[in-house]
Amino acid sequence: MSSNAGSPSHPDRPEAGTPPMAASPLTRAVLEIDEYASGLGWDQPARLFALVDTAKLRSQEPALAAQLGLDDAAPGASVPSYTPIEQDELPAGTALDEFLATIAWPSAVTGCALTVERLMLPPSAEGSVPHGMSEKQLAKWVAKHPERQEVRMTVAVLRDGARESAVRLREKDSPTEVLTGPDLVPGLAEALAATFAD
């Protein structure tokens, strides 16, 4: 498990836009990653995160917890249940599904998350998609479509099968406009879940 200095879990992260405490721990982790990605701006590469149990991280890896700013919480203070730790950059030129198929997580990792930008078409445009196109041809066709929308998708899965997603449209780039739900990006959730398969 590697950690980048740019991890979303760091002591100077802004408190504004903090997910509501009523949200599930996994939803809070997904929204934390979405907020971190939002701070980096658009047109970014995909980013992969390990999700670790915060309490175990603090007790078993105190130095790493200190680096992530998790050791200075006051007694009784609320700390996230899952701490996202950004992994090394994804290799350039490798298809995302091929890359995910090479991942095996150590037992200390409770889950994982990925944030990725994509072009999507609204449901109203799906009927006009030409048939018989290769994936590359289809991507070019979507990129030229007048109704295309740029989205950032953050998807997380846990070893126990729990899933959560957050989707943010570039044209509505605001924390209050982020859509969440476990089944928003099922294909990507399946690919991430497969990284925990025995």
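Computed from heavy atoms alone, side chains included, the values below leave out hydrogens, waters and symmetry copies. What you see is a predicted model; the values in this text were computed from it and never measured.
Here the shortest heavy-atom pairing between V178 and A166 reads CG1-CB, 3.7 Å. Contact detail for A193 and V157: the closest heavy-atom pair is N-CG2, 3.7 Å. Contact between T102 and E98 at its shortest, heavy atoms only, is CG2-O, 3.4 Å.
Here the side chains of L26 and L51 are in contact, with some heavy-atom distance below 4.5 Å.
The structure places OG1 of T154 at 11.5 Å from OH of Y36, a figure rounded to the nearest 0.5 Å. Interatomic distance, CG of L114 versus CD1 of I33, reported as 9.0 Å (0.5 Å rounding). We find the CZ-OG1 distance between F196 and T110 to be 8.0 Å, quoted to the nearest 0.5 Å. Here the CZ-OG1 distance, from F49 to T83, works out to 12.5 Å after rounding to the nearest 0.5 Å. For the atom pair OG of S165 and CG of L179, the computed distance is 9.0 Å after rounding to the nearest 0.5 Å. Residue L188 holds its CG atom at 8.0 Å from CZ of R118, rounded to the nearest 0.5 Å.
Applying the side chain to side chain donor-acceptor pair (under 3.5 Å) rule to pairs touching residues 181-190 yields R163-E190, sequence neighbours excluded.
Looking at E164, its side chain does come within 3.5 Å of a backbone N or O of G181 through a donor-acceptor pair. The backbone N or O of P84 lies less than 3.5 Å from no partner atom in the side chain of E86, so there is not a single donor-acceptor pair.
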>> side-chain contact (heavy atoms from CB on, under 4.5 Å) for E177 and R168? Distances and angles first, verdict last.
In response: CA-CA 7 Å; E177 296 285 345; R168 183 188 292 240; over 6 Å; no
>> Pair R159, W105 - check side-chain contact (heavy atoms from CB on, under 4.5 Å), show working.
In response: CA-CA 10 Å; R159 282 186 190 272; W105 296 104; 3.9 Å; yes
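Side-chain contact, S81 with T54: no donor N or O sits under 3.5 Å from an acceptor N or O.
When the side chains of ILVMFWY residues are joined at heavy-atom separations under 4.5 Å, either directly or via intervening members, V30 and L184 end up in two distinct hydrophobic clusters. Hydrophobic clustering (ILVMFWY, side-chain heavy atoms < 4.5 Å, transitive): L96 and V167 are in one cluster.
A37 meets the side chain to side chain contact (heavy atoms under 4.5 Å, CB included) test with T115, R152; sequence neighbours excluded. Every residue two or more places apart in sequence or in another chain that forms a side chain to side chain contact (heavy atoms under 4.5 Å, CB included) with D43 is listed here: E117, E150, R170.
Just one of V185, V116, L169, L119 meets the side chain to side chain contact (heavy atoms under 4.5 Å, CB included) condition when paired with V151; it is L169.
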